[in-house]
Structure formats: C-alpha cells, structure tokens
Amino acid sequence: MKLSFITHLECSYTGERYEAGHVHGLSSAGKPLLVRYDLGSLSKMLSKEAFGERADGFWRYREFLPVAKPENRITLGEVMTPLIRLSHFEKRAGVTGEIIVKDEGRLPTGSFKARGLALAVSMAKELGLNHLAMPTNGNAGAAMAAYASAAGMKTTVFCPDDTPQVNVDEIALQGGDVYRVNGLINDCGRIVGEGKEKAGWFDVSTLKEPYRIEGKKTMGLELAEQLGWELPDAIFYPTGGGTGLIGMWKAFDELEAIGWIGPKRPKMIAVQAAGCAPIVKAWEAGEEHAPLWENAWTAAAGIRVPIAVGDFLILRAVRASDGFAVAVEENDIFNARDAVAREEGLLLCPEGAATYAACRQSLEDGRISKSDRVVLFNCATGLKYPMEAKTGFVDRTKPIDYSQFK
Ligand SMILES: *Cc1c(COP(=O)(O)O)cnc(C)c1O
C-alpha cells in the first residue's frame, strides 16, 4: 500500500521542480509551491464509491493529501460541513436555481482555517519541525495553535493590535504564544519572516509553505462529492490570501485529471471588502499582480489582507473560470449578516455575509443568472465576531404587561 501519492513540488510561477520529503517554504523565485501527485496511480486505487464507507471530515480525502503516515494525521473531530439552502433569499430574488451556503463555521476552532492548518501541522510533524509561527487576523492563529498543541508543537502567533479579544484569547487558551503588533497582517508577516533564523521557528504564513493550500483544497473535493460530483455554476469566495479559491481550483483540476468530473468549472468569484480590495482592482485593470492596498480597512478581518503572495494564482483562476472579482461596501456586509440571521436563522461571519451581499448585487446586475446553482462560502462561525446588543429588559418586581410580547 502506497503511503502518499505525492511525486514532487512545483513552483507555481516558473514550474521549477522541488523534491518531496524535505522542508520547503517559497520557491527560489519567491512564489508559492504546489504539491503534485501521481494521479494515474491514485485513480487506479481509488473509486468514488470508496467514500461511502469512510468517516466524515477532510481526512477522507487522504489519497489527495501529502501526509504519508497515518499517525501524523492530526485530527480534532472534523465534520463534512453542511450545504444550507437560503430559501427566503431565493424566493425574494426570484431565483429558480439554488443559493446554497457551505457553512465552514462547523469545523474545529470554528473556521475553515482548520482545513489548512491541520495539513500544515501534520506535514510539519512528518518533516520533524517543532516550532511554528504565523501572522494572523485571528482564525488561522487559532487553528494553528489548536492543531499544533494536539501534535505537541510550539506555536508563536502575531496579530494586528485591533484583533478581537476573543480571537487572541482562544489562541492563548489553545496553547499558542500570542502577540499583538501595532500594524496590519503584512507587518506581522514581516516579523515572522525576519525571525526565522533568530527565533528558529518555521513560517506557516498563507502560501509561504506548500501544505495549507492542500488542506483548503478539500473544500473543492468535499463540495464536488456533496453535489454528486457535479460542480455548481458559481462559487462566491471571500478572498484574503486566496488559499481557498486557489485550492478549490487545484482540486477541480485533479478531479478532472482522474476523470471524476468533466471540464465544466464554476465561475470563481473573488469577493472583497471595499476598504481592502487589491484583487478587485487588479482584476478590473487586467493586471497579473495586485500591489499593496494602502490603509486597508474592514471589520471582516479574514479578508483584510492588503497584499497576497498568491495574487497571480487567484487572478488566473478567476479569469480562467470566466468569473469576476467584486467589492462589497462595509454597511452592505453587515446588513447582509443581519438579514440572513433574521430571515434564514443562520448567523454568518462578516466575510460570509460579504459573499451574500456580492451574490445579491450580481443577481441584480445580471452577472449571475437566476437559474444558476450558486455556492456561498461562510468561512467561520458568526459567534466569533462582535455583535450589537439588542436585548429587551423585564423588571420582575413590577407587574408585567404580557400584551407587549404578542
Ligand atoms: C482566512 C479567512 C478568509 C480568507 O481566506 P483565504 O483563503 O485566505 O482567502 C475569509 N474568511 C474568514 C473568516 C477567514 O478566516
């Protein structure tokens, strides 16, 4: 029995080959490395039917993943995240297709960062690393700390100083050493990069090591399986570093290579906040790269990423899929969150709410057809984010007027 189908790694920009089984960061060109597999052998040993008997969670796709030894697969009880139809929205917008939320908030540590970090930590374990560091807007740091603690590894985490207290606390409680930095995530990233030699940690920043994307890739595999190996017409993805969008795109290519799906692809739609939209700007200008967005601001912290090392990969996938990149105003994000919670009973994170707002916009301007099957990614539980207090009050010592509750 083959332990892993990994053959080598490849620079996503130059195609230069790198050997598997060694610790890698970025390529010599300073670009992300992508993992390549022997998909021919994989397809001979695995059939779609095999999944019927497997436990839930992304480790069911282990043949598509780089971890060789079962004991290195760190698990915290992952689930297959549900697909939830937004029937009220569908009705109001006159949609004859489907609007579906894939609710990633059900994963360990409450966000889809669990997928990427489970893989990064498991591979770090397999390669003998013992101290990991990263910059984070919150969710990635929490997932890294949790999986690394489970694996018996030390973690050091740097986050912008306005990161919500709940995120800082969960990182610390799950065993991470966490520091606030007076700057944005790219400033935190510089500290992690500079400290590599001096502090002796391994840099687990988005796309600066090759395995987080392999974890995020499982969103594409899982979505395909849940929809009967039939991809939707459009995917709205809240885009920060873009790992998930790039990862799903890679998953679809791998599934086509083994003949489980055809060449049809969803429109890949990169959703950003108007206060931090470098990918939207580059897409509109027809550029290959997206320069630093100055004075980035949005309360949707997961997509407050002013510069992304995988910018060209996001833009390539968006263009190749005939998709687009779209920015959403800050008040539309929070109006969307409130509307979905009130009407559908689903508390989205602001980043997930941004995809809803973008979808509504795109249905109105005709970029998305009313007959399309659309998937929106809700990447984290809404419970991790600050909420406005809306409680009433009852004084139990006075007569209560029950007519007020009717
Ligand atoms: C990290 C994060 C994102 C952005 O994901 P990328 O794949 O890095 O673009 C979006 N939403 C939330 C809640 C996140 O934590």
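One-based numbering, in listed order, for ligands and for the atoms of each. Position 1 is the first residue of the sequence, and the numbers go up from there.
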Note to self: Looking at K217 and E254, is any side-chain nitrogen of the basic one under 4.0 Å from a carboxylate oxygen of the acidic one?
What the structure shows: yes
Margin query: How far is atom 12 (C) of ligand 1 from the closest protein heavy atom, and which atom is that?
Written below: C379 CB, 3.6 Å
Checklist line | N-O pairing of R54 and E63 below 4.0 Å | finding: yes
Next item on the list: Answer yes or no: does an N/O atom from L245 fall short of 3.5 Å to an N/O atom of ligand 1?
Entry: no
Next item on the list: Heavy-atom contacts with G244 under 4.0 Å: which atoms of ligand 1 show up? List them by number with element.
Entry: 7 (O)
Next item on the list: Using a strict cut-off of 4.0 Å, indicate which atoms of ligand 1 neighbour a heavy atom of T243.
Entry: 6 (P), 7 (O), 8 (O), 9 (O)
Notebook entry, point to check: What protein heavy atom is closest to atom 10 (C) of ligand 1, reported as residue, atom name and distance in Å?
Noted result: P238 O, 3.7 Å
Margin query: Between R373 and E230, does any NZ, NE, NH1 or NH2 come within less than 4.0 Å of an OD or OE carboxylate oxygen?
Written below: no
Margin query: I need the nearest protein heavy-atom contact for atom 14 (C) of ligand 1: residue, atom name and distance, please.
Written below: K113 NZ, 2.9 Å
Notebook entry, point to check: K216 heavy atoms, cut-off 4.0 Å: which ligand 1 atoms fall inside?
Noted result: 5 (O), 6 (P), 7 (O)
Checklist line | atom 4 (C) of ligand 1: nearest protein contact (heavy atom, Å) | finding: G302 O, 3.4 Å
Check: Can you find an N or O of C349 that's nearer than 3.5 Å to an N or O of ligand 1?
Finding: no
Note to self: Under 4.0 Å from a heavy atom of A380: which atoms of ligand 1 are those, numbered in the order shown and with their elements?
What the structure shows: 13 (C)
Checklist line | E222/R60 ion pair, N-O < 4.0 Å | finding: no
Check: Starting from atom 7 (O) of ligand 1, which protein heavy atom do you reach first, and at what distance in Å?
Finding: Y237 OH, 2.5 Å
Margin query: Would you say that more than 12 heavy atoms from the other residues, nucleotides or ligands in this model lie under 6.0 Å from the NZ of K264, or not?
Written below: yes
Checklist line | Heavy-atom gap A140 to ligand 1 smaller than 4.0 Å | finding: no
Notebook entry, point to check: Does ligand 1 have any atom that is closer than 4.0 Å to a heavy atom of T239?
Noted result: yes
Item checked: Within-cut-off N or O pair, T206 and ligand 1, under 3.5 Å -> no
Note to self: I'd like to know whether T298 forms a side-chain hydrogen bond (donor to acceptor under 3.5 Å, both in side chains) with E330, so could you lay out the CA-CA distance, the side-chain angles of the two residues, the decisive distance to 0.1 Å, and finally the verdict.
What the structure shows: CA-CA 7 Å; T298 168; E330 197 71 8; 2.9 Å; yes
Next item on the list: Look at the rings of F89 and Y356 and say which category their plane angle falls in: under 30° parallel, 30 to 60° tilted, over 60° perpendicular.
Entry: tilted
Margin query: Do the side chains of R304 and D162 get close enough for a salt bridge, i.e. N-O under 4.0 angstrom?
Written below: yes
Check: Are E194 and R190 within salt-bridge range, i.e. N to O under 4.0 Å?
Finding: yes
Check: How far is atom 8 (O) of ligand 1 from its nearest protein heavy atom, and which residue and atom is that?
Finding: G241 N, 3.3 Å
Margin query: Does the structure place the NZ or CZ of R367 under 6.0 Å from the centre of the six-membered ring of F324, at an angle of no more than 45° from the ring's axis?
Written below: yes
Check: In terms of atom number and element, which parts of ligand 1 are under 4.0 angstrom from non-hydrogen atoms of Y385?
Finding: 13 (C)
Checklist line | More than 12 heavy atoms of other groups within 6.0 Å of N331 CG | finding: yes
Item checked: Contact (N/O only, under 3.5 Å) between N139 and ligand 1 -> yes
